[in-house]
Amino acid sequence: MKSKDNISAIIKFLKKRYPGSTTALRSENPFQLLIATILSAQCTDERVNKVTPALFKRYKSPSDFARADIKELEEYIKSTGFYHNKAKNIIECCKMLVEEYNGELPLDIEELVKLPGIGRKTANVVLGNGFGIISGIVVDTHVLRISKRLGLTDSDDPNRVEEDLMKIVPKEFWISFSNAMILFGREICNARKPLCSECEIKNVCRYFKENN
DNA sequence: CTCCCGATAT
DNA sequence: ATATCAGGAG
């Protein structure tokens, strides 16, 4: 089967090129990772990392965020974009954590996704990278774009792409797969002008075949 | 499908 | 100066 050979080659490449890759988001605990990941919506990890040191110095716990003044919180996170939504979501999310989950993060994706500001992408990042719990595959814009280019999926819907990927990527590699794909997306298979000539897996890439 | 928004690449 | 980047909610 050709597609099976392709995914094997892709995984082999990712493992070799990005061994033990993890999220670029800085955090000292899973709760901080949750906040950082909420902030990373439509924003680069690097930019999030610029605001989180001061943010986590000011607000330590879910109850600190739950009590936060929204205008003050907005100032801390402004540069990550969509700051009004994010500030509101973080406060509401932390209120729910305090009131309904005893200040702890639920370790179940179905529960996490109920919290404001948390979709499957964020939940998968936190469970996978924060707790080592494999709940799914993180499908961010890089994973979506690269998966389509490679021909691993034909869908534009992140949920559908996640389903397609879960069928062909071995479960033990789900977390590292996304982290490696994101790095690969930043340095080679970027959105604007992918560096196909430098790409080591162009021989199994549908996009390369169609554009060369 | 639209709105949310600042930062950076072109 | 403008296009593009980068998820979630209603």
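Below, chains carry the letters A, B, ... as their sequence lines are ordered, and counting in each starts from 1. What's counted below: heavy atoms across the whole structure, side chains too, no hydrogens, waters or symmetry copies.
- Minimum heavy-atom separation, A:A41 to A:K86: O-NZ, 2.9 Å.
- Here chain A contacts DNA chain B (any atom closer than 4.0 Å to a heavy atom, that is under 4.0 Å), and the contacts span B:dC4 to B:dT10 from 5' to 3'.
- Side-chain atoms of A:Q32 come within 3.5 Å of backbone atoms of A:E28 as a donor-acceptor pair (strictly under, hydrogens ignored).
- The existence of a salt bridge linking A:D154 and A:R206 is confirmed by a sub-4.0 Å separation between a basic side-chain nitrogen and an acidic carboxylate oxygen.
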Go along nucleotides 4-10 of chain C 5' to 3' and tag each nucleotide: B for a protein heavy atom under 4.0 Å from its base, S when only backbone or sugar atoms are that close, - otherwise. BSBBSS-

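- With P as the reference atom, C:dA6 and B:dT10 are 12 Å apart, rounded to whole Å.
- Atom C1' of B:dC5 sits at a distance of 16 Å from the matching atom of C:dT2, rounded to the whole Å.
- The 5' end of DNA chain B is approached more closely, in terms of each residue's nearest nucleotide, by A:K86 than by the other of A:K86 and A:R47.
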Test side-chain contact (heavy atoms from CB on, under 4.5 Å) on A:T23 and A:I182; report intermediate values, then the result. CA-CA 9 Å; A:T23 176; A:I182 291 163; over 6 Å; no

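- Nearest heavy-atom pair, A:T52 versus A:A36, reported as atom, atom and distance to 0.1 Å: CG2-CB, 4.2 Å.
- Judged by distance alone, with hydrogens and angles left aside, the side-chain atoms of A:D108 form a donor-acceptor pair with the main-chain N or O of A:E110 at under 3.5 Å.
- Two rings, from A:Y59 and A:Y76, have their centers less than 6.0 Å apart.
- Heavy-atom distances to DNA chain B give each of A:K78 and A:K193 a nearest nucleotide, and the one nearer the 5′ end belongs to A:K78.
- A salt bridge between A:R58 and A:E75 is absent, with no side-chain N of the basic residue lying under 4.0 Å from a carboxylate O of the acidic one.
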